[in-house]
Enquirer: 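Dropping the structure in here first, questions after.
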Amino acid sequence: GQQNNLYWHIIEQVRVETANTKDAIHDHCRKEFLEVRVEEVAKKPVVVLKSTTSLNTKEMGIFIDEVITWVESDLGIKLNLPDGWRELIS
């Protein structure tokens with residue numbers, strides 16, 4: 001609940017700053033920071049991205065921390081994070 005809300009709060013801020021869609025940003029983050037598998041479907045390779053809903057609390061915290069670092073360092077976006085956000089990811 002609260003971790004998921006924090007994550008989408010971050011994604012929304014990136015959307016506003018970049019004009020990318022939430023789906024594109026979310027998929028980028030999953031591809032960049034989570035396990036990616038390739039399965040063959042109808043003899044064609046299909047990239048399967050791990051769902052954030054399959055993550056436990058600790059894994060989601062690590063994922064969000066990596067996303068925050070990427071947004072602030074690589075994109076140069078200063079995030080507006082709620083009070084107490086660190087407790088949500090540790």
Side-chain angles (χ1 to χ4, degrees):
Q2 287 184 311
Q3 281 186 325
N4 195 50
N5 291 345
L6 174 62
Y7 174 70
W8 287 105
H9 174 74
I10 293 164
I11 297 302
E12 173 61 16
Q13 289 180 67
V14 175
R15 184 197 67 77
V16 168
E17 292 290 329
T18 65
N20 291 112
T21 64
K22 284 184 180 184
D23 285 342
I25 299 160
H26 178 54
D27 283 353
H28 171 81
C29 290
R30 291 190 303 152
K31 192 163 60 175
E32 196 73 19
F33 305 115
L34 297 177
E35 173 190 338
V36 176
R37 292 190 335 273
V38 178
E39 290 184 18
E40 195 171 286
V41 178
K43 298 186 180 177
K44 293 183 180 170
V46 175
V47 175
V48 181
L49 301 176
K50 188 167 188 170
S51 171
T52 53
T53 59
S54 71
L55 302 177
N56 64 33
T57 303
K58 182 178 180 181
E59 291 167 335
M60 187 66 174
I62 291 166
F63 174 65
I64 293 170
D65 191 42
E66 290 174 333
V67 170
I68 290 170
T69 300
W70 168 69
V71 171
E72 294 196 328
S73 298
D74 293 9
L75 299 183
I77 296 170
K78 179 68 182 116
L79 291 170
N80 178 16
L81 298 170
D83 291 341
W85 69 269
R86 285 186 194 280
E87 287 75 45
L88 293 177
I89 67 167
S90 57

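Bear in mind that the values here come from a model prediction, so they are computed numbers and not experimental data.
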Enquirer: Might you point out which heavy atoms bring Ile77 and Val14 nearest each other, and give the distance in Å?
Expert: CD1-CA, 4.3 Å
Enquirer: What I'd like to find out is whether the side chain of Thr69 reaches to under 4.5 Å of the side chain of Asp74, using heavy atoms alone.
Expert: no
Enquirer: Sequence neighbours left out, what passes side chain to side chain contact (heavy atoms under 4.5 Å, CB included) with Glu12? Give chain and number order.
Expert: Arg15, Val16, Lys22
Enquirer: When you compare the side chain of Leu6 with that of Leu81, does any pair of heavy atoms fall below 4.5 Å?
Expert: yes
Enquirer: Would you say the side chain of Ile25 lies within less than 4.5 Å of the side chain of Thr18, judging by non-hydrogen atoms?
Expert: yes
Enquirer: Using every non-hydrogen atom in the two residues, find where Glu59 and Ser54 come nearest and quote the distance to one decimal.
Expert: OE1-O, 4.2 Å
Enquirer: Side chains of Ile64 and Ile10, heavy atoms from C-beta outward: is any pair under 4.5 Å?
Expert: yes
Enquirer: Please determine whether residues Phe63 and Leu75 belong to a single hydrophobic cluster, defined as Ile, Leu, Val, Met, Phe, Trp and Tyr linked transitively by side-chain heavy-atom distances below 4.5 Å.
Expert: yes
Enquirer: Applying side chain to side chain contact (heavy atoms under 4.5 Å, CB included), can you list everything that pairs with Ile62, at least two apart in sequence or on another chain?
Expert: Lys58, Glu66
Enquirer: Please check if Ile68 and Trp8 belong to a single hydrophobic cluster, counting links between Ile, Leu, Val, Met, Phe, Trp and Tyr side chain heavy atoms closer than 4.5 Å.
Expert: yes
Enquirer: When you measure from the side chain of Glu39 to the backbone N and O of Val47, does any donor-acceptor pair fall under 3.5 Å?
Expert: no
Enquirer: Which atom pairs, donor and acceptor, lie under 3.5 Å between side-chain atoms of residues 26-35 and protein residues at least two apart or in another chain?
Expert:
from	atom 1	to	atom 2	distance (Å)
His26	ND1	Tyr7	OH	2.7
Asp27	OD1	Arg30	NH2	2.6
Arg30	NH1	Lys50	O	3.4

Enquirer: Do Leu79 and Ile89 belong together in a cluster built from hydrophobic side chains that touch within less than 4.5 Å?
Expert: yes
Enquirer: Is a side-chain donor-acceptor pair under 3.5 Å present for Thr21 with Asp23?
Expert: no
Enquirer: Check whether Gln3 reaches the backbone of Met60 with its side chain - one donor and one acceptor, N or O, closer than 3.5 Å.
Expert: no
Enquirer: Where the side chain of His9 meets the backbone of Asn4, is there a donor-acceptor pair that is under 3.5 Å apart?
Expert: no
